**Q** 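Before I ask anything, here is the structure I am working with.
Bear in mind the structure is a predicted one, so any value in this text is a computation, not a measurement. Hydrogens, waters and symmetry mates are skipped; everything else that's a heavy atom, side chains included, is used. Protein chains get the first letters and strands the later ones, always in sequence-line order, with residue 1 at the start of each.
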Amino acid sequence: MVSITLRKNQPFNLDLTLSCGQVFRWEKDGRIWRGVVGDSCISIQQRGRVLSFRGAKPEFISRYFQLDEDLPGILDSIDRDPVIHAAISRCMGLRIIRQPAWECLASYVIATYANIPGIKRRISKLCQCYGEPLPGPGIEIFSFPRAHSIAYQDPCRISECRLGYRAPYLLETATMIAGDPDWEERILELPYEDARKELLHLKGVGKKVADCVLLFAFGKKESFPVDVWIQRILETRYLGTKPPSAYDRCSRFGRDHFGEYAGYAQEYLFCDRAAITKNEMIGNQVPVSQPDR
DNA sequence: CACCAGGATGTTT
DNA sequence: AAACATCATGGT
């Protein structure tokens, strides 16, 4: 058991960070969260400013949860209207996790047009079918499968994972990635727009999935993914429902309105989506200037 | 039982 | 460019 003591000016909320739907392989067991990152089975709990964990070194934990990022500074920079202000205060301590790139990519290809419990179940099954058993006590725990395992191993078992129409997308993208070992380094070095174009070549990767991968795996914090919830929030609280709001309009608005850390704003809005969309009070809309491009 | 979900793709206007 | 149908599955 190892511990990290968070600095006073470094807010962190483990529960929100692991439960808000950015990662899909963590389960809470009492006070303890258990999950797999890379080849490590990790258990971790938070008591106030103390993080206690097994299965990983402090540096690994710190990088995974991005504890070195200046969260107060980031939140201050995106705190530009009453809606995001309320979300920030309700979700204080939520951090964006630095995910392994392939796991993030594959997960969000699978995640399209499904709800979070269903996504978690499918990913769990995918790990059972194609992952490798990890050393540990008790029940068998599997790593997230490598791309070449999914691409070249028992394609019949894919049906067990109940991916539906996403299965061929995952198989094709896994094949592409398995044959392109340098893809992660290459994309990492590209700026947001260019990296996005690269990802969009992959099957099952559209704008939203690409933006999620850029935000959650490649550290592009200006990325502003727009799913149905974010679109709903923008329509009801920011942009109104005038034109059928296209993806590009919403995403560009997010980056223009919230700035270089728009991705954090997106994640706080998503985390607070239930509260934001509950009161359908008209007149609660944020007055914003919309540059029409 | 309806309706929806961290959408992408291919086709038609 | 924008609207549309379609896709498979499970949650609520």
**Q** Base, sugar-phosphate, or nothing: which does A/Val109 touch, judged by heavy atoms less than 4.0 Å apart?
**A**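 A/Val109: no heavy atom of the nucleic acid under 4.0 Å.
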**Q** What is the ring orientation for A/Tyr268 with A/Tyr264, classed by angle as parallel under 30°, tilted 30 to 60°, or perpendicular over 60°?
**A**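 It falls in the tilted class, 30° to 60°.
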**Q** Between A/Arg232 (CZ) and B/dC4 (P), how many Å, whole number?
**A**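 Whole-Å distance recorded here is 8 Å.
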**Q** Looking at A/Tyr165 and B/dG7, is any side-chain donor or acceptor paired with a base atom of the opposite kind under 3.5 Å?
**A** yes
**Q** So A/Gly204, base contact, sugar-phosphate only, or nothing? Heavy-atom distance under 4.0 Å.
**A** sugar-phosphate
**Q** Which part of the nucleic acid does A/Ile116 contact within heavy-atom distance under 4.0 Å: base, sugar-phosphate only, or nothing?
**A** sugar-phosphate
**Q** Among the candidates C/dG10, B/dA5, B/dG7, find the nucleotide nearest to the side-chain atoms of A/Asp227.
**A**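 The nucleotide sitting nearest to the side chain is B/dG7.
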**Q** Would you indicate which nucleotide in B/dA8, C/dT12, C/dG10 comes nearest to any side-chain atom of A/Pro117?
**A** C/dT12
**Q** Could you tell me if the ring centre of A/Phe216 sits under 6.0 Å from that of A/Tyr108?
**A**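 A/Phe216 vs A/Tyr108: aromatic centres under 6.0 Å.
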**Q** I want to confirm an ordering. Mapping A/Leu200 and A/Glu267 to their closest nucleotides on DNA chain B, which one lands closer to the 5' end?
**A**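 Its nearest nucleotide lies further toward 5', so the answer is A/Glu267.
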**Q** Once the angle between the rings of A/Tyr64 and A/Phe60 is folded into 0 to 90°, is it parallel (under 30°), tilted (30 to 60°) or perpendicular (over 60°)?
**A**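 Ring orientation, 0 to 90° scale: parallel.
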**Q** Just the rounded figure in Å: distance from P of C/dA8 to CD1 of A/Ile158.
**A** 15 Å
**Q** Tell me, please, whether A/Trp229 has A/Arg232 positioned over its six-membered ring: NZ or CZ under 6.0 Å from the ring centre and within 45 degrees of its axis?
**A**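 Positive - A/Arg232 is close enough to the ring of A/Trp229 and near enough to its axis.
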**Q** Are the side chains of A/Gln266 and A/Pro225 in touch, meaning some heavy atoms are under 4.5 Å apart?
**A** yes
**Q** Rounded to the nearest Å, what distance is computed from the CD1 atom of residue A/Ile119 to the P atom of nucleotide C/dT12?
**A**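 Going from A/Ile119 (CD1) to C/dT12 (P), I get 12 Å.
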**Q** On DNA chain B, does the nearest nucleotide to A/Tyr108 precede the nearest nucleotide to A/Tyr169 from the 5' side, or the other way round? Give the residue.
**A**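 In this pair, the answer is A/Tyr108.
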**Q** Relative to the 5' end of DNA chain C, which residue comes earlier, A/Thr112 or A/Gly118, by the nucleotide with the nearest heavy atom?
**A** A/Thr112
**Q** What integer distance in Å separates A/Gln22:CD from B/dG6:P?
**A**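 A/Gln22 atom CD is separated from B/dG6 atom P by 14 Å.
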**Q** In whole angstroms, how far is the C1' atom of B/dG6 from the CD atom of A/Gln231?
**A**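 After rounding, the reported distance stands at 12 Å.
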**Q** As a test of reading the structure: which of B/dG6, B/dG10, C/dC7 is closest to the side chain of A/Phe24, going by heavy atoms?
**A**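 So the side chain of A/Phe24 is nearest to B/dG6.
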**Q** Is there a side-chain polar atom (N or O) of A/Arg162 under 4.0 Å from OP1 or OP2 of C/dG10?
**A** yes
**Q** Whole angstroms only, please: what is the CG-P distance between A/Leu199 and B/dA8?
**A**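 The distance from CG of A/Leu199 to P of B/dA8 comes to 12 Å, rounded to the nearest Å.
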**Q** Which whole-number value in Å describes the distance from A/Leu170 CG to C/dT9 P?
**A**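 After rounding, the gap between these two atoms is 15 Å.
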**Q** So what does A/Ala114 hit on the nucleic acid, given a heavy-atom distance under 4.0 Å: a base, only sugar-phosphate, or nothing?
**A**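 Answer is base: heavy atoms of A/Ala114 come under 4.0 Å of a base.
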**Q** Has A/Arg121 got a side-chain N or O lying under 4.0 Å from the OP1 or OP2 atom of C/dG11?
**A**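 The answer is yes; a side-chain N or O of A/Arg121 sits under 4.0 Å from OP1 or OP2.
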**Q** How close or far is atom P of C/dA2 from atom NZ of A/Lys207, stated in whole angstroms?
**A**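 About 9 Å, once rounded to whole Å.
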**Q** Any idea how A/Phe253 and A/Phe258 line up, ring-wise: parallel (<30°), tilted (30 to 60°), or perpendicular (>60°)?
**A** perpendicular
**Q** Which is true for A/Val209 with a 4.0 Å heavy-atom rule: it touches a base, it touches only sugar-phosphate, or it touches nothing?
**A** sugar-phosphate
**Q** I'd like the P distance from B/dG6 over to C/dA2, given in whole Å.
**A**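 About 26 Å, rounded to a whole number of Å.
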